[in-house]
Amino acid sequence: MAYETILTETRGRVLLITLNRPKALNAINAQLTAEVIEAATGADADPEIGCIVLTGSAKTFAAGADIKEMQAADYAGMYAGDYFGEWERFTALRTPIIAAVAGYALGGGCELAMMCDFILAADTAQFGQPEIKLGVMPGIGGSQRLTRFVGKSKAMEMCLTGRMMDAAEAERAGLVSRIVPADQLLAEAMRTAETIAGMSLPIAMMNKEAVNRAYETTLSEGVRFERRVFHATFATQDQKEGMAAFVEKRPAAFKHR
Ligand code: CAA
């Protein structure tokens, strides 16, 4: 399919998705939503793809949901259409997804970054949930995920004031995994993605599932889940290969099985 709001490029085992609505600062409208989810879902179904990188432009990762698209909406339409509900398909994907964020990640843009598995931030990144200034509130998980990332106090302040957080504050608060100079963001994100894509894909999926489980369950259930999945890794050929490669002092050549 030819996309109009995103660019896609496959490099080795990595799919790069670039949000591309420059005139609207990558605002998330229905078309961009459908295209991101279709591209990512396609990659998720493709065993030749081991990691997805989602990025925007140097100025803006995404400036939020499309305010002009939402402006005239009414409650019945929002509810009946379950506006933003399709993003649950994105969070259900099993392939690791890195958000490479430069510039503004506001509202739905911050939420989109948080729906990825981790965020690499350029030193220019700015995060915020400014929906309150529009007379609304976060609608794609911001009040929930931001709170889990940075804790109640900071999340509450961000949601109630709409203020932005710069990259340094976001790293201190645990929202982003690392900060890199803006001109190295994409290269570093692709390097990181290649590292992940070089691992066994089913084992990477198991790691992703286990870390995500920490947000869904109690510690004792999560630890039990982890242990069971750890046991399951011994059913894969890649466990044999990974451990043999270590013992034989050579790089592992995973078969993704
Ligand atoms: N939706 C629609 N259009 C947007 C947009 C958005 N979220 N953000 C920016 N744009 C458009 C502007 O309307 C403008 O278009 P025109 O040239 O046609 O006027 C164009 O992008 C450039 O924007 P600015 O002129 O405002 O650029 P700036 O550099 O002066 O400011 C900004 C940048 C601070 C990011 C500012 O654009 C801004 O505050 N944007 C809105 C941020 C926001 O409120 N996001 C939350 C949206 S609601 C939401 O996301 C709900 C949810 O939980 C999912």
Side-chain angles (χ1 to χ4, degrees), residues 3-7 17-37 40 54-93 97 99-116 119 121-150 152 154-170 175-176 182 185 215:
Y3 297 120
E4 292 175 356
T5 65
I6 61 171
L7 304 170
I17 302 176
T18 306
L19 305 176
N20 188 34
R21 287 188 76 205
K23 289 190 181 135
L25 301 188
N26 295 335
I28 301 167
N29 64 1
Q31 185 178 3
L32 183 139
T33 298
E35 291 186 357
V36 169
I37 293 172
L54 181 63
T55 196
S57 68
K59 175 176 175 176
T60 318
F61 178 71
D66 192 317
I67 299 165
K68 293 165 189 166
E69 185 181 79
M70 290 184 292
Q71 186 181 3
D74 61 12
Y75 169 71
M78 288 297 230
Y79 179 80
D82 196 21
Y83 203 76
F84 296 144
E86 62 266 58
W87 283 106
E88 290 191 7
R89 289 177 55 207
F90 185 82
T91 55
L93 297 176
I97 307 176
V101 175
Y104 298 115
L106 301 177
C110 185
E111 293 167 305
L112 178 53
M114 291 190 292
M115 283 189 284
C116 297
I119 302 173
D123 48 14
T124 57
Q126 303 239 55
F127 299 88
Q129 298 291 161
E131 290 90 342
I132 196 165
K133 296 188 198 169
L134 301 167
V136 292
M137 59 181 285
I140 329 180
S143 66
Q144 305 304 299
R145 291 197 179 91
L146 187 64
T147 307
R148 281 167 167 77
F149 276 110
V150 307
K152 177 179 171 183
K154 200 177 280 286
M156 190 69 92
E157 188 203 350
M158 305 268 309
C159 289
L160 290 179
T161 66
R163 82 164 173 88
M164 291 187 218
M165 187 192 314
D166 66 17
E169 184 179 1
L175 178 59
V176 309
L185 176 69
Y215 285 93

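Quantities reported herein were computed from a predicted structural model and do not represent experimental measurements. For ligands, and for the atoms within them, numbers begin at 1 and follow the listed sequence.
The single protein non-hydrogen atom nearest to atom 11 (C) of ligand 1 is Ala24 CA, 4.0 Å, given as residue, atom name and distance. The closest protein non-hydrogen atom to atom 34 (C) of ligand 1 is Tyr104 CZ, 4.0 Å. Of the protein's heavy atoms, Glu131 CG, 3.4 Å lies nearest to atom 51 (C) of ligand 1. Of the protein's heavy atoms, Leu106 CD1, 4.6 Å lies nearest to atom 39 (O) of ligand 1. When only non-hydrogen protein atoms are considered, atom 1 (N) of ligand 1 lies nearest to Ile67 N, 2.9 Å. Protein heavy atom nearest atom 17 (O) of ligand 1, with residue, atom name and distance: Lys23 O, 4.5 Å. If you check which protein heavy atom lies closest to atom 23 (O) of ligand 1, you get Leu25 CD1, 3.5 Å.
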May I have the step-by-step check of side chain to side chain contact (heavy atoms under 4.5 Å, CB included) for Thr55 and Val101, ending in yes or no?
CA-CA 6 Å; Thr55 196; Val101 175; over 6 Å; no

Using the rule given for side chain to side chain contact (heavy atoms under 4.5 Å, CB included), can you reason through Thr33 versus Phe84, listing the C-alpha separation, both sets of side-chain angles and the distance that settles it, and then say yes or no?
CA-CA 9 Å; Thr33 298; Phe84 296 144; 5.8 Å; no

Kindly determine whether Thr91 and Arg145 satisfy side chain to side chain contact (heavy atoms under 4.5 Å, CB included), including the steps that lead there.
CA-CA 12 Å; Thr91 55; Arg145 291 197 179 91; 3.5 Å; yes

Evaluate the side chain to side chain contact (heavy atoms under 4.5 Å, CB included) criterion for residues Leu32 and Leu19: first the C-alpha distance (whole Å), next the side-chain angles of each, then the deciding distance (0.1 Å), finally the verdict.
CA-CA 8 Å; Leu32 183 139; Leu19 305 176; 4.1 Å; yes

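Few gaps surround CE on Met78; more than 12 heavy atoms of other groups in view lie less than 6.0 Å from it. The environment of CD in Glu88 is sparse: at most 12 heavy-atom neighbours from other residues, nucleotides or ligands sit within 6.0 Å.
The contact set between ligand 1 and Ala27, taken as ligand atoms under 4.0 Å from a residue heavy atom, comprises 1 (N), 2 (C), 6 (C). Near Leu134, with a cut-off below 4.0 Å to any heavy atom, the atoms of ligand 1 are 44 (O), 47 (C), 48 (S). Close approach of ligand 1 to Glu111 is summarised as follows: ligand atoms under 4.0 Å from at least one heavy atom of the residue are 52 (C), 53 (O), 54 (C). Residue contact check: Lys68 has heavy atoms under 4.0 Å from atoms 12 (C), 13 (O), 15 (O), 16 (P), 18 (O) of ligand 1. Near Ile140, meaning under 4.0 Å from one of its heavy atoms, ligand 1 places the atoms 54 (C).
Side-chain contact between Asn20 and Tyr3 is absent, with no heavy atoms from C-beta onward closer than 4.5 Å. Counting only heavy atoms from C-beta outward, the side chains of Lys59 and Tyr104 approach each other to under 4.5 Å.
Close N/O approach between Gly107 and ligand 1 is not found [any backbone or side-chain N/O within under 3.5 Å]. At a 3.5 angstrom cut-off on N or O pairs, Gly139 counts as close to ligand 1. The shortest N or O to N or O distance between Ala65 and ligand 1 is under 3.5 Å. Of the polar atoms of Lys59, at least one N or O is found under 3.5 Å from an N or O of ligand 1, judged by distance alone. Considering backbone and side-chain atoms alike, Pro138 places every N or O at 3.5 Å or more from each N or O of ligand 1. For ligand 1, the polar-atom distance check against Gln129 finds no nitrogen or oxygen pair separated by under 3.5 Å.
Under the 4.0 Å distance rule, the nearest protein heavy atom to atom 53 (O) of ligand 1 falls inside the cut-off. The protein does not reach atom 25 (O) of ligand 1 closely, with no heavy atom under 4.0 angstrom from it. Shown here, atom 30 (O) of ligand 1 is out of close reach of the protein: none of its heavy atoms lies under 4.0 Å off. Within the 4.0 Å cut-off (strictly below), no protein heavy atom is located near atom 36 (C) of ligand 1.
With a heavy-atom cut-off of 4.0 Å, Ala63 touches ligand 1 through backbone and side chain alike.
In this structure, Arg163 pairs ionically with Glu169, as a charged nitrogen and a carboxylate oxygen lie closer than 4.0 Å.
Tested against Arg21 for a side chain to side chain donor-acceptor pair (under 3.5 Å), the candidates Asp66, Thr5, Thr60 yield a single pass: Asp66.
Between Phe90 and Trp87, the ring centre distance stays below 6.0 Å.
The two residues Ile132 and Cys159 come nearest to each other via the heavy atoms CG2-O, 3.3 Å.
The backbone N or O of Gly103 sits less than 3.5 Å from a side-chain atom of Thr124, completing a donor-acceptor pair.
Looking at Tyr83 and Glu69, their side chains do bring a donor and an acceptor atom within 3.5 Å of each other.
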